[in-house]
Amino acid sequence: MLNLYNTLTRKKEAFKPLKGRKVGLYTCGPTVYSYAHIGNLRTYVFEDILKRTLLFNDYQVNHLMNITDVGHLTSDADTGEDKIEKTAKKEKKSAYQIAEFYTKAFLKDCEKLNILPPNIIAPATEYIKENISLIQVLEKKGYTYKTKDGIYFDTSKSKDYGKLANMDFDKLNKTLKAGARIELSPEKRNITDFSLWKFSSPNEKRQMEWPSPWGTGFPGWHIECAVINLKYLGNAFKNETFIPEQAETIDIHAGGSDLIPIHHTNEIAQVEAATGKKFVNYWLHGEFLILKDLRMGKSTGNVILIDDLEKKGYSPLSYRYLVLNAHYRKPLEFSWQALNNAQQGLNDISNFIYHCLLKAKPNSSIKLSPVLIDMQKEFKKAINDDLNTPQALAVFWKLIKKYYKEKLDPKQTYQLASIFDTILGLGLDKIKVFPLPQEIQLLNEKREKMRKSAKWTEADKIRKEIEALGFSVNDTKEGTIIQPKNKI
Ligand code: AMP
Ligand code: ZN
C-alpha cells in the first residue's frame, strides 16, 4: 500500500488513482530565464522519487511537465517585468533563444541527476489559443474583470479559495498583504486576484505577445499550468477549444512548497471555477533547500549550480544522494561538508557494487533468498511510507553490513541492490567491471615484483602512479584489488 502526504487534506493517505493502474502526474516545470539551481533540482529529485515509486508499485505513469517560457513576472503581485524578456534584454538575445537555451540546460542537469524524463514536456507558449479559450469560459461564468493592464480573476467569487494553503479568503488576503512581495495595485479588487491575461505595455514592444479578444498580450503564469493540465491529463480540450463538461479530475500534482499559497491555489481556483469539478486529488509539495539560513533562490542570488559542484570535483549523483538522505517534507541545509560526506557514502556504495560484480557475474533471473526477500519488503515499506528515502537508504546500508556479516550471495545481493536502485536512481546500473587498461596492469605487475622483494618505497611510488591515473589500490588477504575510483 502506497501512502502519500496530501497537502490538501494535511494527512497521509492511501493512494488510489482514478483509472485502475494508470496515473496522471503533473509537475510544475522551471521558469527558463536562468540555470536551475540545486534548490530547484531538489524538488525535481523528489518528484522523480515519487514517479519511480509509482512505477515500482506497478502503476503506469503519464508524467507531464510544463516549461514556463512566458508570463512569470518578477513580482507575485502581477507587476514587474516578464522574467524571460528581462533576461533576453540583458543577454542581448531573443526571448525564444533564452527559453530554448535554459530549457536545454535544465534537461541536461536533470539527466546528470538521473531524473527520468517526463512523457510530455509542454512549453506554455505553444498553448496560447487554449489559454484564451479557458479565459473565455471563465469570463462567461462571471469570474473575470478587466483593468488597465489585463484580465483578472476575481478570487472572492471562488468557492473554498485558499483551501490548499489551509486558509480562507480573508486570512490569505491578510497574509499576502503582510508579505513584502505583494502590493495591491489600485485596480485589483482583492490582493489575491491574479492576471489571466496581461496586456503588453503601450510603451514597449514585447517579443512574446499574441492577439486576443481583450487586446494584445500574454497569459498569466497560473493559467498556463491549468491549461496544460486540462489538455493532457484532464482531456478537456477539443483541438484548442476548452470543453468544461469533458474535464476529468487529475491524480497527482507536485511542486515546491513555495507554490502552495499562490501558484497552486490559483490553479485550483481557475480550474474548479471553469469545470465545477475537483481539479486534483493528491497535492504533494517538497520543502526547500536552504543555504546559510536562507531559501536558495534565483531572485536572492544565493545559488549553487550543478556546474559548481562538478567544478569542485563532485559528481551530480552525490548531490542526489545528499537529497535522498533527507525526507522531502523537511528543509535541507546545504553545506560543502555535507556534500563531501554524501560523495563518500556514494563511493562506498559503488565500491560495494563493484565488489559484488567482481565476485559473481549477475544474472537477472536468479531467485532471492528469504533474508533478501525480507529486506526487499523492508525497503518497499519505507519508500511506500510517504517516500521515506532516508529510511530506504538505511535499509540499503543494512544490506551491505549483512552481506559481510552473514556472507550473503553476491549475485543475489547485487540483484537486490539493483532493485533498490530502480527507485533511488543512484546510477548503480552504470557500474561495470572492465579488464584493467594495459598501462595499469603493467604497473601492477611491477609493483607486485617490488613488494615480493620488499622494496616498499618503490612499491609505494607505483601505487601513487596508479592512483594518479584514477584507480584505487587495495591490498587484501585475497590479493590486490585495483578498481576505478569514480565508477558512476
Ligand atoms: P521556478 O523555476 O522558479 O519556477 O521553480 C522551479 C521549481 O523549484 C518549483 O517547483 C519551485 O517550488 C522549486 N524551488 C524553488 N526554490 C527552491 C528551493 N530553494 N528548494 C527547493 N525547491 C525550490
Ligand atoms: Zn505550475
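Keep in mind that the numbers below use all heavy atoms, side chains included, and drop hydrogens, waters and symmetry copies. We count ligands from 1, going down the list as the structure has it; atoms in each ligand are counted the same way.
- Ranking protein heavy atoms by distance to atom 19 (N) of ligand 1, first place goes to M296 O, 2.7 Å.
- The shortest heavy-atom distance from H285 to ligand 1 is not under 4.0 Å.
- Remark: K93 is positioned above the aromatic ring of F101, its terminal NZ or CZ atom under 6.0 angstrom from the ring centre and at most 45 degrees off the axis.
- Relative orientation of the Y127 and Y232 rings is perpendicular, given thresholds of 30° and 60° on the angle between their planes.
- Across N266, T155, T144, a single residue satisfies side chain to side chain donor-acceptor pair (under 3.5 Å) together with D193, and that is T155.
- For ligand 1, the polar-atom distance check finds no N/O of G255 at less than 3.5 Å from any of the ligand's N/O atoms.
- Aromatic rings from Y33 and Y102 are positioned such that their centres are separated by 6.0 Å or more.
- For A14 against M1, the heavy-atom pair with the smallest separation is CB-SD, 3.4 Å.
- Using a 4.0 Å cut-off between heavy atoms, T31 contacts ligand 1 through both its backbone and its side chain.
- In this structure, of L294, L289, T43, I38, the residue bringing a heavy atom nearest to atom 22 (N) of ligand 1 is T43.
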List the steps, then state whether side chain to side chain contact (heavy atoms under 4.5 Å, CB included) holds for Y145 with K188.
CA-CA 9 Å; Y145 62 92; K188 255 169 77 163; 3.9 Å; yes

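- At least one cation-pi condition fails for K146 and W214: the charged atom is not both under 6.0 angstrom from the six-membered ring centre and inside a 45 degree cone around its axis.
- At least one N/O/S atom of H263, from backbone or side chain, sits under 2.8 Å from the Zn ion (ligand 2).
- Between H72 and ligand 1, a contact under 3.5 Å exists for no N or O pair.
- Summarising the contacts of atom 21 (C) of ligand 1 with G256, A36, G39, A254, the nearest heavy atom is found in G39.
- When SG of C28 and SG of C225 are joined through the Zn ion (ligand 2), the resulting angle is 130° to the nearest 10°.
- Shown in contact with D258 at under 4.0 Å from a heavy atom are these atoms of ligand 1, numbered in order with element: 11 (C), 12 (O).
- Here the heavy atom of the protein found nearest to atom 7 (C) of ligand 1 is Y44 OH, 3.5 Å.
- No close placement of the Y35 and F106 rings is indicated, their centers lying 6.0 Å or farther apart.
- For atom 9 (C) of ligand 1, the closest heavy atom belonging to the protein is L259 CD1, 4.0 Å.
- Ring pair H264/H285: centre-to-centre distance below 6.0 Å.
- In N40, the parts holding a heavy atom less than 4.0 Å from any atom of ligand 1 are both the side chain and the backbone.
- Under a 4.0 Å criterion applied to the non-hydrogen atoms of R295, ligand 1 contributes the atoms 15 (C), 16 (N), 19 (N).
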